[in-house]
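See below for the structure under consideration.
Just so it is clear, the model here is predicted, and its values are computed rather than measured. All heavy atoms count here, side chains included; hydrogens, waters and symmetry mates do not.
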Amino acid sequence: MLPPQVLIVAGSDSGGGAGIQADLKAVHASGAYALTAITAVTAQNTVAVTRAFDLPADVVRAQIDAVFDDFDVAAVKTGMLSSVVLVETVASALAARGVTRLVVDPVMISKSGHALLADDAVEALRARVLPLAAVVTPNRLEAERLAGLAIRGRADVLEAGRRLLALGSRAAVIKGGHLEAAPGTDFLFHAGGVTEIEGEWIETRSTHGTGCTFASAIAAHLARGADLIAAVRAAKHLVTDAIRHGLALGHGYGPTDPFWRLGRSAGQ
Ligand code: PXL
């Protein structure tokens with residue numbers, strides 16, 4: 001049987017830890033086939049982003065159209081969208097194709113602290129992309145910016161989730177990685193209510209690309225026919241294992257390893 005196809009619309013990370021490079025690994029490790037539309041190229045390693053270059057909007061649009069014209073795209077994930085013009089270009093391209101299984105990772109800053117979404121593009125993301133989303137997957141900071149409130153305790157998490165659904169996303173996962181209230185527990189808001197997905201907290205610096213990996217794995221499982229709750233649980237399982245087997249490469253935040261099961265040869 002052929003694998004279901006997932007389109008990833010995101011930026012490139014030359015360090016291989018996040019962005020498109022993480023997405024490819026996550027989609028393939030989750031049993032789907034990844035197609036890509038690259039929005040921006042970052043010069044990056046585990047320590048810093050030294051340069052970011054947006055591709056022209058028509059080139060981003062052409063990649064999306066080339067993919068849809070030939071493949072049977074079962075789900076889409078968006079990551080780094082960088083600017084107002086790219087947010088709008090991607091939103092109209094996906095709307096034109098009637099995409100329903102859309103996972104939106106509202107990427108705003110890199111692990112090393114570099115802005116990956118312009119300040120004025122947050123509103124465009126909220127207004128143009130969230131209404132198309134099957135699920136949006138913010139971390140704490142992204143949820144605060146999108147929902148417009150400070151998240152301190154559990155009540156704030158619940159209010160933020162409510163507001164994200166009011167913005168038009170059919171579901172939202174507020175990730176627990178940065179939540180002091182419940183570190184490691186993700187909150188999934190959906191039409192049926194709130195599902196808390198407990199996780200374990202793993203102390204490590206190899207966490208570059210965790211958000212990308214998680215969202216792409218959700219898209220892959222949706223493409224394979226899983227329902228939302230099952231897809232989120234499977235993605236959390238994948239990312240937890242990938243963090244546990246993270247690689248201490250470079251001198252900063254190393255990458256996770258979704259392919260840890262393949263093993264590595266001795267002497268490395
Ligand atoms: O993890 C968010 C992210 C997304 N996309 C690109 C990135 C990063 C984080 O560093 O570099 C290209």
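- The side-chain heavy atoms of Phe68 and Val99, taken from C-beta on, include a pair separated by under 4.5 Å.
- At a threshold of 4.5 Å between side-chain heavy atoms, the hydrophobic network of Ile, Leu, Val, Met, Phe, Trp and Tyr places Val136 and Phe189 in one connected group.
- A continuous path of hydrophobic side-chain contacts links Val122 to Leu164 [ILVMFWY only; heavy atoms under 4.5 Å].
- Pro138 places a side-chain heavy atom less than 4.5 Å from the side chain of Ile174.
- Salt-bridge check for Arg244 with Asp241: passed, with a basic side-chain N closer than 4.0 Å to an acidic carboxylate O.
- For Ser83 against Leu117, the heavy-atom pair with the smallest separation is N-CD1, 4.5 Å.
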Item to check | Worked verdict on Glu88 versus Leu125 for side chain to side chain contact (heavy atoms under 4.5 Å, CB included) | outcome: CA-CA 8 Å; Glu88 289 178 348; Leu125 186 70; over 6 Å; no
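- Of the possible donor and acceptor atoms, one in the side chain of Arg126 sits under 3.5 Å from a partner among the backbone N and O of Arg145.
- A single hydrophobic cluster is seen to contain both Leu35 and Val41, as judged by linkage of ILVMFWY side chains at heavy-atom distances under 4.5 Å, directly or through other members.
- Gly31 approaches Pro4 most closely through the heavy-atom pair O-CD, 3.8 Å.
- Listed for the Arg128 side chain is no donor-acceptor partner under 3.5 Å among the backbone atoms of Ala91.
- At least one donor-acceptor pair closer than 3.5 Å links the side chain of Thr39 to the backbone N or O of Met80.
- Listed by first and then second residue, the side-chain hydrogen bond (donor to acceptor under 3.5 Å, both in side chains) pairs that reach into residues 219-237 are Asp186-Lys236, sequence neighbours excluded.
- Side-chain atoms of His208 and Asp13 include a donor-acceptor pair closer than 3.5 Å.
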Next on the checklist: Show, in sequence, the C-alpha distance, side-chain angles and deciding distance for Thr240 and Glu200, and conclude whether the side chain to side chain contact (heavy atoms under 4.5 Å, CB included) test is met.
Outcome noted: CA-CA 8 Å; Thr240 303; Glu200 58 184 295; 3.9 Å; yes
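- Aromatic ring orientation, Tyr33 versus His28: perpendicular (interplanar angle above 60°, classes split at 30° and 60°).
- Atom CZ of residue Arg163 and atom CG of residue Leu149 lie 4.5 Å apart, to the nearest 0.5 angstrom.
- Linking Ile, Leu, Val, Met, Phe, Trp and Tyr whenever their side-chain heavy atoms come within less than 4.5 Å puts Leu86 and Val9 in one cluster.
- Side-chain contact between Leu228 and Leu188 is present, with at least one heavy-atom pair separated by less than 4.5 Å.
- Val60 is listed as a side-chain neighbour of Val90, based on a closest heavy-atom distance under 4.5 Å.
- For Thr195 and His190, the side-chain atoms include at least one donor-acceptor pair closer than 3.5 Å.
- Smallest separation of non-hydrogen atoms from Ala235 and Phe214: CB-O, 3.5 Å.
- A donor atom on one side chain and an acceptor atom on the other are found under 3.5 Å apart for Ser12 and Gln21.
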